[in-house]
S.K.: 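This is the structure, below, for whatever I ask next.
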Amino acid sequence: MKNFTAKTRIATVVGGLAVIGAATTGALAANAATSAASAAPAAPAAAPAQAAQAAPKGLVQTTHLSIAAAQKAAQAALNAAEKAGQKVSVAVVDRDGNTIVTLRGDGAGPQSYSSAEEKAFTAVSWNAKTSELTGRLQQTPTLKDIKGTLFLAGAVPVDANNAPIAAVGVAGAPSGAQDETFAQAGVDALGK
C-alpha cells in the first residue's frame with residue numbers, strides 16, 4: 001500500500017468536505033447555526049454574483065474566512081488573553097490549514113508562534129477542538145506523526161453549515177485549557 005503525505009490525506013478530506021456548495025458561500029457561523037435573518041455574516045467570503053452561480057462541471061466551491069474576519073478573531077483571542085494577564089500567540093488558519101493571520105502578544109514565548117499555528121491546523125483538519133482530539137491519540141497514537149499537527153488543547157474550529165472553514169489556535173498560557181478559552185473568544189467574536 002502506498003504511503004500518502006499528510007497534505008495528500010488532508011486534501012482528500014478537504015475534497016470530501018468541500019461540497020458545501022454555493023448556498024454556503026458568504027455564510028459564517030461560529031460553531032452555531034444562525035439564521036440569515038438574525039445575524040449578518042462577519043465578512044462575506046465571496047461576492048453575491050459568485051454565490052448565485054453554480055460551480056462549473058469538475059470544480060468545487062468552498063467557503064473561506066476573509067482576512068478582516070480572521071483579524072477580528074485573532075485580535076479578540078489576544079484581547080481575552082491579555083485581559084487574563086497571559087502572554088500568548090494567536091493564529092488563524094483557513095480551511096486548507098494555511099495561515100491567514102498570526103499575532104504574537106507582547107512577551108509571548110518563542111515556541112508559542114508555531115504552536116498556535118499547529119494547533120489551529122490540527123483543529124481545522126479534524127473539525128474539532130484540540131482538547132477533544134487529544135483523547136483520540138490513545139486509540140490512534142500515529143495521528144501525532146502527521147506533519148504540522150499538534151495535539152494539545154488550545155484551538156477551536158470555525159464552522160459554516162457544519163463544515164470547517166477556519167480555526168483559531170492559541171499557545172503560550174500555562175495550560176491548554178486557558179489557550180482554548182482564548183481561542184473560543186476569537187471564534188465567538190465572529191458571530192458578533
Side-chain angles (χ1 to χ4, degrees), residues 4-34 40-48 50-51 55 59-78 88-104 112-130 132-133 143 146-152 154-171 179-180 182-192:
F4 294 100
T5 67
K7 285 188 179 187
T8 301
R9 288 187 297 243
I10 291 171
T12 301
V13 172
V14 168
L17 293 174
V19 186
I20 11 181
T24 63
T25 303
L28 175 63
N31 292 327
T34 57
Q50 291 176 327
L59 299 179
V60 178
Q61 291 182 341
T62 60
T63 302
H64 291 267
L65 203 59
S66 70
I67 185 70
Q71 289 171 328
K72 180 178 182 177
Q75 191 62 57
L78 186 60
V88 302
S89 289
V90 180
V92 180
V93 300
D94 67 14
R95 173 61 196 109
D96 300 322
N98 298 312
T99 302
I100 302 171
V101 64
T102 306
L103 299 177
R104 177 180 281 150
S112 66
Y113 192 86
S114 62
S115 295
E117 289 179 326
E118 291 172 353
K119 287 179 181 183
F121 176 84
T122 304
V124 79
S125 296
W126 280 275
N127 193 25
K129 294 179 178 183
T130 50
E132 297 169 9
L133 294 172
L143 286 176
I146 298 173
K147 185 178 179 182
T149 60
L150 184 58
F151 288 86
L152 297 174
V156 178
V158 177
D159 293 343
N161 294 340
N162 297 317
I165 62 166
V168 178
V170 177
D179 286 339
E180 200 159 291
F182 307 142
Q184 185 66 58
V187 172
D188 291 346
L190 295 174
K192 296 178 180 177

S.K.: Among I100, V101, V168, which residue meets the side chain to side chain contact (heavy atoms under 4.5 Å, CB included) test with L65?
M.R.: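 One option only clears the test, and that one is I100.
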
S.K.: Atom CD in E118, atom OG1 in T99: separation rounded to 0.5 Å?
M.R.: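 Going from CD on E118 over to OG1 on T99, the span is 10.0 Å.
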
S.K.: With the side chain counted from C-beta on, respond yes when T102 and Y113 share a heavy-atom pair under 4.5 Å apart, and no when they do not.
M.R.: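 The answer is yes; the side chains approach within 4.5 Å.
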
S.K.: Among T130, L152, I146, whose side chain to side chain contact (heavy atoms under 4.5 Å, CB included) with T122 holds?
M.R.: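 Of T130, L152, I146, side chain to side chain contact (heavy atoms under 4.5 Å, CB included) with T122 is met by T130 alone.
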
S.K.: Identify the heavy atoms of V88 and D179 that sit nearest to each other, and give their distance.
M.R.: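 Heavy-atom minimum between the residues: CG1-OD1, 4.1 Å.
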
S.K.: With a cut-off of 6.0 Å (strictly less than), are more than 12 heavy atoms of other residues, nucleotides or ligands near CG of N98?
M.R.: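 Atom CG in N98 is crowded, with more than 12 foreign heavy atoms closer than 6.0 Å.
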
S.K.: Any idea which heavy atoms bring V170 and A77 closest together, and the distance?
M.R.: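 That closest heavy-atom pairing would be CG2-CB, 4.2 Å.
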
S.K.: Where do G169 and A120 come nearest, in terms of heavy atoms and distance?
M.R.: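 Shortest heavy-atom contact: N-CB, 3.6 Å.
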
S.K.: My understanding is that only one of I165, V187, N127 makes a side chain to side chain contact (heavy atoms under 4.5 Å, CB included) with P157; could you say which?
M.R.: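 Result for side chain to side chain contact (heavy atoms under 4.5 Å, CB included) with P157: N127.
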
S.K.: Spell out, as yes or no, whether a donor-acceptor pair under 3.5 Å connects the side chain of K72 to the backbone of L190.
M.R.: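 The answer is no, because no donor-acceptor pair under 3.5 Å joins these two groups.
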
S.K.: Taking the side chain as every heavy atom from C-beta outward, state whether L133 and T149 have any atom pair closer than 4.5 Å.
M.R.: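 When only atoms from C-beta onward are counted, T149 and L133 do not touch, as no gap falls below 4.5 Å.
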
S.K.: So K119 and E180, do their side chains get closer than 4.5 Å, heavy atoms only?
M.R.: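 No, their side chains stay 4.5 Å or more apart.
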
S.K.: So which heavy atom on S89 is nearest to which on A116, and how close?
M.R.: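 Where S89 meets A116 most closely, the heavy atoms are O-CB, 3.6 Å.
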
S.K.: Counting C-beta onward and ignoring hydrogens, is there a side-chain heavy-atom pair between L103 and Q75 closer than 4.5 Å?
M.R.: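 Sidechains of Q75 and L103: in contact.
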
S.K.: For residues S115 and A171, report the shortest heavy-atom separation together with the two atoms involved.
M.R.: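 Minimum heavy-atom contact is CB-CB, 3.6 Å.
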
S.K.: Please report the closest heavy-atom contact between A76 and A185, naming both atoms and the distance.
M.R.: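 What the structure gives for the nearest pair is CB-O, 3.9 Å.
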
